Undergrad: 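Okay, here's the structure, questions in a sec.
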Amino acid sequence: MLDIRLLRENPDSIKQRLANRGGEHASLVDQVLEIDTQRRSAETERQKLQGDRNRISKEIGIAKKNGQDTSAIEAEVRGIGTRIDEIGRDADASDVKQRDLLLSIPNLPHEACPVGHSAEENPEVRVWGTKPAFAFEPKDHTAIAGALGMIDFEAGVKITGSAFVVYKGAGARLERALINFLLDLHTMQHGYQEISPPLLVKPECLVGTGQLPKFGDQVYHSPEDDLYLIPTAEVPVTNLHREEIVSHDKLPINYAAYTPCFRREAGSAGLGTRGLIRMHQFDKVELVKITTPETSVAELETLTGHAENVLQLLGLHYRVIELCTGDIGFGSTKTYDIEVWAPGQGAFLEVSSCSSFGDYQARRMNLRFKDENGKNRIPHTLNGSGTALARLFVALVETYQQADGSILIPEALRGHFRAEKIG
RNA sequence: GGAGAGAUGGCUGAGUGGUCGAAAGCACAUCUUUGCUAAAGAUGCGUAGCCUUAACAGCUACCGAGGGUUCGAAUCCCUCUCUCUCCGCCA
């Protein structure tokens with residue numbers, strides 16, 4: 001959520017920066033400002049009337065104590081009360097409307113975020129490693145894992161539906177080894193505290209991180225309980241401190257959480273046609289940071305480095321790209337995507353998206369921190385995948401496939417997998 | 001699921017219709033004093049909004065949440081949420 005004061009003071013520069021995202025946001029800004037004017041005038045009027053009522057009511061109390069008749073003055077205050085109700089309804093309605101509008105305006109891209117219209121204009125930041133060479137034609141992960149009995153795509157469809165999958169045997173064990181490897185790396189080497197959150201959350205949490213109200217159709221919902229299945233651990237973990245004022249000496253807060261993630265992927269093309277690449281349910285280890293505004297830019301680099309370290313340790317070729325203003329997410333100010341090379345696909349797959357949200361999420365969830373001077377300020381929130389599991393699985397299987405159809409387990413993972421190869 | 005108790009400021013805890021945004025204590029901050037590593041005193045010490053300002057100040061709202069009664073609600077009524085205790089059930 002943007003600060004209404006920023007909008008009041010610099011509406012034109014806000015519109016300009018939002019325009020870099022593409023899409024039509026200027027009229028939303030105008031609407032908010034119009035409502036804001038109405039809201040404030042109603043609010044001022046209401047408060048003046050409330051002040052009148054308080055003062056006169058106090059006089060009634062005193063008069064009654066002195067045994068005086070107060071019926072006339074009571075009638076007067078009754079009239080004020082009616083006015084307060086009327087004006088109050090207007091003020092409250094404007095308030096709700098203003099908040100709704102603010103919640104539907106995306107975040108401002110950071111000054112450092114490259115300006116561009118679409119994914120084609122995302123600059124490549126760096127590349128690590130090289131494409132592995134094969135003495136044979138590398139196979140697709142569905143073929144390799146299928147042959148080894150690691151994944152049963154048909155069973156997933158049978159018990160749930162398309163874009164759900166059943167891991168079996170070495171496949172399930174590889175998935176579990178990866179989870180443990182990632183959690184151990186981030187908690188023991190990178191200094192994150194491990195969190196194991198609920199997978200169902202209240203709607204307020206999704207409002208806090210920005211999925212609601214705009215993207216409700218992408219999230220699974222249980223209407224009986226009004227609970228949502230999390231699309232990412234970012235939601236419960238960032239919301240751990242919703243409505244809180246944390247002390248400055250607690251910052252930065254660093255959390256790592258493994259959870260399954262659930263996404264409806266409504267409107268996504270190609271679902272279920274490419275093995276593990278786009279699923280309704282997938283595992284992910286998520287990194288979340290809450291920082292001071294002064295350190296968030298540097299922390300985004302650190303966070304991205306932690307995610308990259310995963311791929312480096314596993315010996316997987318990857319590149320880092322920065323998303324341009326036309327491609328960054330709704331709440332993000334600046335985003336790096338990490339894409340791992342999958343030889344069987346002949347393509348890079350996005351396994352991590354690392355973003356700084358500035359104060360956008362924190363303002364939505366009323367998260368604040370008390371600084372050294374005792375002032376309440378709004379912290380910055382960041383998150384990044386460290387990393388998504390299904391696509392990491394794909395890259396790993398396709399990169400380490402052998403001519404005989406077996407899969408070599410990279411050195412760093414052997415302690416967790418407890419074997420050197422599959423097949 | 002059943003029965004009971006409760007929810008007040010960072011914490012403890014008073015307050016059952018009229019200067020209560022809320023006593024007192026603790027904690028915390030600043031200052032003073034004595035002095036020595038502890039104590040005494042003074043002052044300050046919630047959040048948000050509105051209106052203003054150079055700044056201070058002022059006004060309004062908030063005593064779990066929402067609604068109601070009333071000229072006036074922390075206080076009375078209703079609904080909900082949560083916590084605790086006991087019983088039942090369950091992993």
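Proteins get letters first, then strands, A, B, ... in listed order; numbering begins at 1 in each. Since the model is a prediction, treat every value here as computed from it, not as a measurement.
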Undergrad: I need the CZ-P distance between A:R83 and B:G72, as an integer number of Å.
TA: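 In whole Å, B:G72 P lies 16 Å from A:R83 CZ.
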
Undergrad: Which nucleotide, B:U47, B:G49, B:C71, lies nearest any side-chain atom of A:V77?
TA: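 Nearest to the side chain of A:V77 among the choices is B:C71.
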
Undergrad: Could you check A:R368 against A:D52 and say which one's nearest nucleotide on RNA chain B is further toward the 5' end?
TA: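 Between the two, 5'-proximity favours A:R368.
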
Undergrad: Could you say whether A:Q50 or A:G81 is positioned toward the 5' end of RNA chain B, judged by the nucleotide with the nearest heavy atom to each?
TA: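 This one resolves to A:Q50.
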
Undergrad: Who does B:C86 pair with, Watson-Crick or G-U, both distances under 3.5 Å?
TA: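 Across any shown strand, B:C86 pairs with B:G2.
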
Undergrad: Taking the same atom, P, in B:C45 and in B:A22, what whole-Å distance lies between them?
TA: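 Looking at atom P only, B:C45 and B:A22 are 11 Å apart.
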
Undergrad: Sticking with atom P, work out how far B:U69 lies from B:A5, rounded to a whole angstrom.
TA: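 These two P atoms come out 28 Å apart once rounded.
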
Undergrad: Any side-chain N or O of A:K48 under 4.0 Å from OP1/OP2 of B:G58?
TA: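 Answer no for this pair, as no side-chain N or O of A:K48 is under 4.0 Å from OP1 or OP2.
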
Undergrad: Could you check A:T381, A:N107, A:T238, A:T209 and say which one makes a side chain to side chain donor-acceptor pair (under 3.5 Å) with A:Q361?
TA: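 Passing option: A:T381.
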
Undergrad: Looking only at side-chain N and O atoms, does A:N54 come under 4.0 Å of OP1 or OP2 in B:G72?
TA: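 No, outside the criterion.
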
Undergrad: Rounding to an integer number of Å, can you tell me how far A:E45 CD sits from B:C50 C1'?
TA: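 In whole Å, B:C50 C1' and A:E45 CD are 12 Å from each other.
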
Undergrad: Hunt down the Watson-Crick or G-U wobble partner of B:A73, both distances under 3.5 Å, from any strand shown, or write none.
TA: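 By the stated definition (distances under 3.5 Å), nothing pairs with B:A73.
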
Undergrad: With a 3.5 Å cut-off and heavy atoms only, can you find an N or O donor on one side and an acceptor on the other between the side chain of A:Q47 and the base of B:G49?
TA: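 Yes, a donor-acceptor pair under 3.5 Å.
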
Undergrad: Classify the nucleic acid contact of A:K202 as base, sugar-phosphate or nothing, counting any heavy atom under 4.0 Å across all strands shown.
TA: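 It contacts nothing in the nucleic acid.
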
Undergrad: Considering all heavy atoms of both residues, which atom of A:S352 and which atom of A:S385 are nearest to each other, and what is their separation?
TA: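 In this case the closest contact between A:S352 and A:S385 is OG-O, 2.6 Å.
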
Undergrad: Indicate whether the side chain of A:E194 and that of A:Y255 have a donor and an acceptor atom separated by less than 3.5 Å.
TA: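 Side chains of A:E194 and A:Y255: no pair found under 3.5 Å.
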
Undergrad: How is A:R46 classified with respect to the nucleic acid when contacts are heavy atoms under 4.0 Å: base, sugar-phosphate, or nothing?
TA: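 Counting heavy atoms under 4.0 Å across all strands, no contact is made by A:R46.
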
Undergrad: Applying the side chain to side chain donor-acceptor pair (under 3.5 Å) test to A:N309, which of A:H186, A:H190, A:Q189 qualifies?
TA: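 When A:H186, A:H190, A:Q189 are each tested with A:N309, the side chain to side chain donor-acceptor pair (under 3.5 Å) holds only for A:H190.
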
Undergrad: Taking B:U83 as the reference, what is the distance to B:C89 when you measure between their P atoms (whole Å, please)?
TA: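 Their P atoms lie roughly 22 Å apart.
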
Undergrad: Which base, if any, makes a Watson-Crick or G-U wobble pair with B:U81, both distances under 3.5 Å?
TA: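 Here B:U81 is engaged in a pair, and the nucleotide opposite it is B:A7.
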
Undergrad: Report the base-pairing partner of B:A91 (Watson-Crick or G-U wobble, both distances below 3.5 angstrom), or none.
TA: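 Its partner: none found.
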
Undergrad: Say we look at B:C11 and B:C63: how far apart would their P atoms be, to the nearest angstrom?
TA: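 Rounded to whole Å, the distance is 16 Å.
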
Undergrad: Answer yes if the ring centres of A:H380 and A:Y360 are under 6.0 angstrom apart, and no otherwise.
TA: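 No, ring centres 6.0 Å or more apart.
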
Undergrad: Have a look at A:R55 and say if it touches a base, only the backbone sugar-phosphate, or nothing, with a 4.0 Å heavy-atom cut-off.
TA: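 No contact.
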
Undergrad: Determine the Euclidean distance between corresponding C1' atoms of B:A74 and B:U8; express it in Å to zero decimal places.
TA: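 It works out to 7 Å between them.
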
Undergrad: Under a 3.5 Å limit for both distances, which nucleotide forms a Watson-Crick or G-U wobble pair with B:U37, could you say?
TA: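 Paired with B:U37, as far as the under-3.5 Å criterion goes, is no nucleotide at all.
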
Undergrad: Is a salt bridge present between A:D371 and A:K375, judged by a nitrogen-to-oxygen distance below 4.0 Å?
TA: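 No, this pair does not count.
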
Undergrad: Provide the distance between the two C1' atoms, one in B:G17 and one in B:G68, to the nearest whole Å.
TA: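 Per the computed distance, 15 Å lies between those C1' atoms.
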
Undergrad: Which whole-number value in Å describes the distance from A:I245 CD1 to B:A48 C1'?
TA: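 A:I245 atom CD1 is separated from B:A48 atom C1' by 10 Å.
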
Undergrad: Looking at B:C50, I'd like to know if its phosphate oxygens (OP1 or OP2) sit under 4.0 Å from a side-chain N or O belonging to A:R5.
TA: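 It does not, given that no N or O in the side chain of A:R5 lies less than 4.0 Å from OP1 or OP2 of B:C50.
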
Undergrad: Would you indicate what A:R363 reaches in the nucleic acid, counting non-hydrogen atoms under 4.0 angstrom: base, sugar-phosphate, or nothing?
TA: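 Nothing, no heavy atom under 4.0 Å.
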
Undergrad: May I ask which nucleotide in the shown strands pairs with B:C28, Watson-Crick or G-U wobble, both distances under 3.5 Å?
TA: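 Partner of B:C28: B:G44.
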
Undergrad: Using the C1' atom on both, measure B:G25 against B:A61 and round to a whole Å.
TA: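 Here B:G25 and B:A61 have their C1' atoms 28 Å from each other.
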
Undergrad: Would you mind telling me which of A:D85, A:D92, A:D95, A:D90 makes a salt bridge (Lys or Arg N to Asp or Glu O under 4.0 Å) with A:R46?
TA: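 In the set A:D85, A:D92, A:D95, A:D90, the residue that makes a salt bridge (Lys or Arg N to Asp or Glu O under 4.0 Å) with A:R46 is A:D92.
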
Undergrad: Looking for any heavy atom pair under 4.0 Å, which part of the strands does A:K64 touch: base, sugar-phosphate only, or nothing?
TA: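 If one applies the 4.0 Å heavy-atom cut-off, A:K64 turns out to touch a base.
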
Undergrad: Across all strands shown, which nucleotide pairs with B:G17 by Watson-Crick or G-U wobble geometry, both distances under 3.5 Å?
TA: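 Result: none.
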
Undergrad: Can you tell me which nucleotide in B:G49, B:G18, B:U47 comes closest to the side chain of A:S57?
TA: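 So the nucleotide nearest the side chain must be B:G18.
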
Undergrad: Using atom C1' in both nucleotides, what's the gap between B:A23 and B:U12 to the nearest angstrom?
TA: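 Between the two C1' atoms, the distance is 13 Å.
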
Undergrad: Which base, if any, makes a Watson-Crick or G-U wobble pair with B:C50, both distances under 3.5 Å?
TA: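 In the structure as shown, B:C50 has B:G58 as its Watson-Crick or wobble partner.
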
Undergrad: It should be established whether A:R53 places a side-chain nitrogen or oxygen under 4.0 Å from OP1 or OP2 of nucleotide B:G72.
TA: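 It does, given that an N or O in the side chain of A:R53 lies less than 4.0 Å from OP1 or OP2 of B:G72.
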
